[in-house]
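What follows is a short report on a single structure.
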Amino acid sequence: MTATSTERNAQGVMEFIDPVFTLSDVAVSYSDFLAVSNVNLQIPSMDVTAFIGPSGCGKSTILRSLNRTNDLIPGAKVHGKISYHEADLYDPKASAVEVRRRIGMVFQKPNPFPKSIYENIAFGPKVNGRPSKSELDVIVEKSLRSAALWDEVKDRLNDSALSLSGGQQQRLCIARSLAVDPEVILMDEPCSALDPIATARIEDLMIELKRDYTIVIVTHNMQQAARVSSYTAFFVTEVNPLGDRRTGKLVEFDSTSKMFSNPTDPRTEAYVTGKMG
Amino acid sequence: MSDLSKAGTSTAEGAWLAPSAHLRRRNFFQSIAVNVMRIGTLVTALITTGIIFSLIPPTIELLGEITTQVFGTTWAPLFLPPEFGILPLITGTFVIVIIAMFIAIPFGLAAALFLSDYASFNVRRVVKPILEILAGIPTVVLGLFGLYVINPGLVEKYWPIGESVGYSAIGAGLMTGVLTLPIVASVADDALSAVPRAMREAGFALGATRREVATKIVFNAGISGVVAAVILAFARAFGETTVALMVAGSYPKLSLNPGDPMQTMASFIGFAGIGDQPTDSTGYKTIFLVGSILFLVTLVFNLLGNRIISRFREVYE
Ligand SMILES: Nc1ncnc2c1ncn2[C@@H]1O[C@H](COP(=O)(O)OP(=O)(O)OP(=O)(O)O)[C@@H](O)[C@H]1O
Ligand SMILES: [Mg+2]
């Protein structure tokens, strides 16, 4: 199902057939600090795209601008244009709530609600519609199965979600985001708080999920990027001539195999081989 | 290792593990600090038990003397013959407390949610200190306002069925509500603001609106603090003396009509306590009896509150 294409437009941006996101000259600032600028890239449908790069280069910032989570931060502003399919994500007529329903997010630290496992999954469907109890039961089971958690929790759905292990909690958070039937799932270092076994399970899950969902993942783990993603974007920070703080920028975007075997930019090579933090 | 053994001028084997002069000094201050804390705890415990034990003997003595029915409808302990029907004090107390809670809980919780989840940083920076100032208004000022503004200006005009004598339970209830509202708002806001940002982000990421995040996630996650705020305000209203005495008067009328003057348990103590009650007189002992009841009810509510809080308490890192 991968919409592969090696076409490049005049600016050298890799183009896909029917991309989910198209970012044109995107920059994000926090008050008067320009955190990241000049981002041009497309994100393909039904695949995993990874954002990598050293700390502070704006990976999370760009990720959060893809579902308008930045709207919640006072002072944050997105410049340029982000298209979600044909629509302008930041069109004044577009609803951030509707955007986030379609574009879910999984965070670095598992953040289940202090409610039961069942209620964690049921929350999203309940605020987005009026499902009956039996419809909810179906959604809860389906979501937990998709997140490979059903067998572990099916007998304790009414237990507190906080009684689960960290890895289980993170899969619960993934299940919770699947329950509102999104098209895209954004994941910001979803495994950084987990042990290697729990990490491997989530990675398997991502590979599983990309058949039905578009996934964008931020990671500091090169093996993870290489293992789960088909495309990789590499960011760095550069001293901004207009200020004394460093601004993030996109160095290179290409297929993961190319990025890891024979990247165009020497900085990409240095980073993926661990010669640059 | 070799550095360490050189640094400690050791003569005996293992002496390099002995505390240095610096550490001995720290240990000395540490032990002083611990003892100061011990004494503080002890003093608190002693005062509390002291109060309880001073309440008990006169209370028991009086209970032995009382011949009239305790749950009677006439409260006249200072008259001859004295009557100890405590019902008017109970209804008076509860009418005023309930009116106060009808003001303090909904408005206080709404203010707390507004502050924690809607207000911008700047609005919050202005409103929160105002709440704290409101909480610090002397009760006698609220009492005056109730007596000279609310009772004649509002109650006597718009609550015609009451016994118009310048005093009213509803006036006292309203002012007690004003008194306890900032307690609810401030304590609940602290609890709601402490709910991790990650909870809110999770909600927004599922397509919840700001209202849904505030009422369905934040409120639930902070419920133990919200319950604590309500109980604190309740206990405060229950023991409030000045406002009840000034605005509801000191006539223990058995009534459920908030337009009537009423007496609460606390305002009875305030009222009788300033009059001259010779030690061992019936009036003197009655004050202690009512004080014991007040103490007991407050205790029960606090215990109940703690149970509710521990039931709701959810641990999030
Ligand atoms: N809420 C915020 N307010 C102000 N500045 C912010 C905010 N969030 C991020 N920044 C700044 O924006 C820049 C990019 O941050 P971002 O979190 O996107 O980096 P990142 O690439 O995700 O880093 P990491 O790998 O450490 O997570 C940093 O300089 C950071 O200090
Ligand atoms: Mg980040």
Side-chain angles (χ1 to χ4, degrees), chain A residues 60 63-64 66-75 95-116 119-129 143 160-163 166 169 172-182 184-188 193, chain B residues 112-128 188-229 307-317:
Chain A
S60 301
L63 191 76
R64 292 162 68 94
L66 296 181
N67 76 341
R68 297 187 56 170
T69 305
N70 279 344
D71 291 18
L72 304 168
I73 300 172
S95 150
V97 170
E98 185 53 36
V99 164
R100 295 190 204 110
R101 208 278 297 151
R102 291 162 188 264
I103 307 170
M105 190 149 194
V106 174
F107 299 83
Q108 186 165 358
K109 233 175 89 184
N111 57 354
F113 302 129
K115 300 173 190 258
S116 70
E119 284 302 327
N120 262 275
I121 309 285
F123 178 84
K126 275 190 193 165
V127 298
N128 285 293
S143 307
S160 168
L162 302 165
S163 66
Q169 285 188 11
L172 179 72
C173 291
I174 294 173
R176 182 175 68 182
S177 71
L178 299 180
V180 293
D181 194 22
V184 183
I185 306 167
L186 309 173
M187 300 186 175
D188 194 348
Chain B
L113 271 176
F114 171 76
L115 280 177
S116 70
D117 279 80
Y118 288 87
S120 70
F121 179 76
N122 283 323
V123 169
R124 189 186 162 82
R125 206 179 51 187
V126 174
V127 174
K128 185 90 182 181
D189 167 58
D190 287 342
L192 299 179
S193 296
V195 171
R197 224 189 122 68
M199 295 292 129
R200 296 180 170 85
E201 288 182 334
F204 284 122
L206 292 167
T209 61
R210 198 172 273 278
R211 183 188 61 79
E212 286 156 351
V213 168
T215 58
K216 298 189 174 150
I217 296 172
V218 178
F219 197 79
N220 272 321
I223 191 73
S224 64
V226 169
V227 172
R307 286 213 33 194
I308 295 172
I309 290 168
S310 62
R311 251 245 317 273
F312 280 122
R313 176 161 295 151
E314 296 284 1
V315 242
Y316 35 67
E317 298 157 88

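Proteins come first, then strands; the chains are lettered A, B, ... in the order of their sequence lines, and each starts at number 1. Not measured: the values here are computed from a predicted model.
With a 4.5 Å cut-off on non-hydrogen atoms, A:Val97 touches chain B through its backbone and its side chain both. Residue B:Arg211: no heavy atom, backbone or side chain, is found under 4.5 Å from chain A. Within the 4.5 angstrom heavy-atom criterion, atoms from both the backbone and the side chain of A:Phe113 approach chain B. Using a 4.5 Å cut-off between heavy atoms, A:Pro112 touches chain B through its backbone atoms (N, CA, C, O) alone. At a 4.5 Å heavy-atom cutoff, B:Arg200 makes no contact with chain A through either its backbone or its side chain.
Looking at A:Arg100, its side chain does come within 3.5 Å of a backbone N or O of A:Arg68 through a donor-acceptor pair. Checking side-chain atoms of A:Ser163 against main-chain N and O of A:Ser160 turns up a donor-acceptor pair under 3.5 Å.
Contact record, A:Ile103 with A:Leu66: CD1-O, 3.5 Å, taken as the closest heavy-atom pair.
Comparing A:Val106, A:Leu72, A:Thr69 by heavy-atom pairs within less than 4.5 Å of chain B, the highest count is held by A:Leu72.
With no hydrogens or angles considered, a side-chain donor-acceptor pair links A:Arg176 and A:Asn111 at under 3.5 Å. For B:Thr209 and B:Glu212, the side-chain atoms include at least one donor-acceptor pair closer than 3.5 Å.
For A:Ala175, the side chain to side chain contact (heavy atoms under 4.5 Å, CB included) test picks out A:Ile121, A:Ser143, A:Leu144, A:Ala147, with sequence neighbours left out.
Residues A:Val127 and B:Leu206 are not in side-chain contact: their nearest non-hydrogen atoms beyond the backbone lie 4.5 Å or more apart.
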(message) Could you go through A:Asn128 and A:Glu98, starting from their C-alpha distance and side-chain angles, then the distance that decides it, and tell me whether this counts as side-chain contact (heavy atoms from CB on, under 4.5 Å)?
(response) CA-CA 9 Å; A:Asn128 285 293; A:Glu98 185 53 36; 5.7 Å; no
(message) As a quick check of understanding, evaluate side-chain contact (heavy atoms from CB on, under 4.5 Å) for A:Met105 and B:Glu201, giving each step before the final call.
(response) CA-CA 9 Å; A:Met105 190 149 194; B:Glu201 288 182 334; over 6 Å; no
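Annotation: residues 116-127 of chain B contacts chain A through no residue [non-hydrogen atoms, separation under 4.5 Å].
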